Peer 1: 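Attaching a single structure in structure tokens format; questions to follow.
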Amino acid sequence: MIDLRSDTVTRPVAAMKQAMMDAEVGDDVMGEDPTVRHLESMVADLLGKEGAVFACSGTQSNQMGLRAHCVPGDELLINATGHIGIFECGGPAALSGITVRQIEAPKGMLSVADLEDKPRVDDQHYCRTRLVCLENTTNIAGGFVYSLGQLQDVSGWAWSQGLKMHLDGARFFNATVAGGYTPAELAACFDTISICFSKGLGCPMGSILAGSQEEVRLARRARKMFGGAMRQSGMMAAAAVYALENHVDRMQQDHDNAQRLATLLAQIDGVAADPAATESNLVFFEIDPELGTAVQLSAALRERGVLIGPMGGQKLRAATHLDVAESDISVVAEAVADCVTSGFAEQALVGSGPYSK
Ligand SMILES: *Cc1c(COP(=O)(O)O)cnc(C)c1O
């Protein structure tokens with residue numbers, strides 16, 4: 001199977017497993033795991049922040065960040081397609097009493113123009129607008145990459161309004177590699193930053209939140225409350241250290257593969273894909289409704305050894321990553337072309353449920 005459903009499906013390479021086996025560990029809740037400490041200071045240094053705290057998942061590190069900035073009754077502003085507002089099961093409200101204000105914006109990228117009329121005035125009727133959350137790269141909005149200038153504009157404005165800035169950097173290094181800026185340049189536009197280790201970086205689990213000493217202190221407390229304080233987590237931190245040392249620069253290969261896939265898909269009749277709008281490792285494409293639905297195409301691709309997730313309606317998303325080889329790309333495009341020419345919608349009906357013949 002060639003699995004393009006997500007960059008979360010990567011499995012640890014042998015050298016990463018060895019680094020995990022060799023990790024020096026201790027009880028991290030007691031502050032005694034040297035490998036976790038090393039990872040946290042490594043990320044803080046790389047991002048130019050005062051500190052960082054290792055977490056179980058990207059969802060958890062985002063929620064820890066929100067908690068560090070907000071009190072119940074506060075409001076955050078986010079792009080309407082943002083993970084924090086859609087895919088974290090109401091965490092801001094459930095865990096921190098935060099109201100989420102989702103803002104429609106082209107490409108899921110917020111600009112000052114989208115934001116400037118949003119902060120509430122200081123009046124007893126209103127919640128306090130406290131935080132702006134951006135995603136870089138964007139996820140379901142299209143895998144887009146902010147330029148440094150765009151980010152500096154937003155953060156300059158937000159800070160002038162007394163707002164805080166949080167980056168959902170699940171794909172932080174896809175952004176730095178594709179955007180051509182350094183981790184510290186990107187991080188300088190935010191108060192707190194979350195980064196996933198379990199996506200393109202190829203770790204089995206883990207995430208980290210970076211910020212000021214005070215924000216990290218509050219986030220560490222939130223992590224404990226959210227059930228994410230771990231003990232001998234140095235084994236997992238060792239995977240993250242390995243990934244930071246070995247798996248960042250190679251992301252360019254994932255972006256090249258995505259570009260090539262978008263180019264090949266765009267050549268298939270009945271498939272709409274746009275290489276120019278493919279900026280990182282996520283390839284979004286649509287299937288002509290005359291041919292069938294995204295769910296049907298996904299099922300037909302599975303029969304051909306290719307896993308690609310349907311996004312509802314006509315849209316699918318293919319994520320390239322560490323476990324997808326350059327040579328897989330033409331195989332994937334050929335599978336899509338074969339589905340289209342062989343009438344995949346009819347095939348998908350066979351055995352699809354109680355009403356099939
Ligand atoms: C994957 C992802 C996360 C974290 O999700 P987990 O399921 O907790 O790993 C957060 N934000 C974005 C944009 C993501 O793509």
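Note that ligands are numbered from 1 as they come in the structure, with each ligand's atoms numbered from 1 the same way. Worth saying up front: this structure is predicted, and the values here are computed from it rather than measured.
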Peer 1: Any chance the side chains of Thr129 and Glu75 put a donor and an acceptor closer than 3.5 Å?
Peer 2: yes
Peer 1: Describe, in one word, how the ring planes of Phe197 and Phe54 are oriented to each other, choosing from parallel (under 30°), tilted (30 to 60°) and perpendicular (over 60°).
Peer 2: tilted
Peer 1: Exactly which residues line ligand 1, taking a heavy atom under 4.0 Å from it as the test?
Peer 2: Ser57, Gly58, Thr59, Asn62, His83, Glu88, Glu135, Asn139, Asp168, Ala170, Arg171, Cys196, Lys199
Peer 1: Please identify which of these residues, Gln102, Glu135, His166, meets the side-chain contact (heavy atoms from CB on, under 4.5 Å) condition with Ile84.
Peer 2: His166
Peer 1: Does a side chain donor of either Asp3 or His321 reach within less than 3.5 Å of an acceptor in the other side chain?
Peer 2: no
Peer 1: Heavy atoms only: give me the nearest Ala219-Leu209 pair and the separation to one decimal.
Peer 2: CB-CD2, 3.4 Å
Peer 1: Is Lys199 salt-bridged to Asp254, cutoff N-O under 4.0 Å?
Peer 2: no
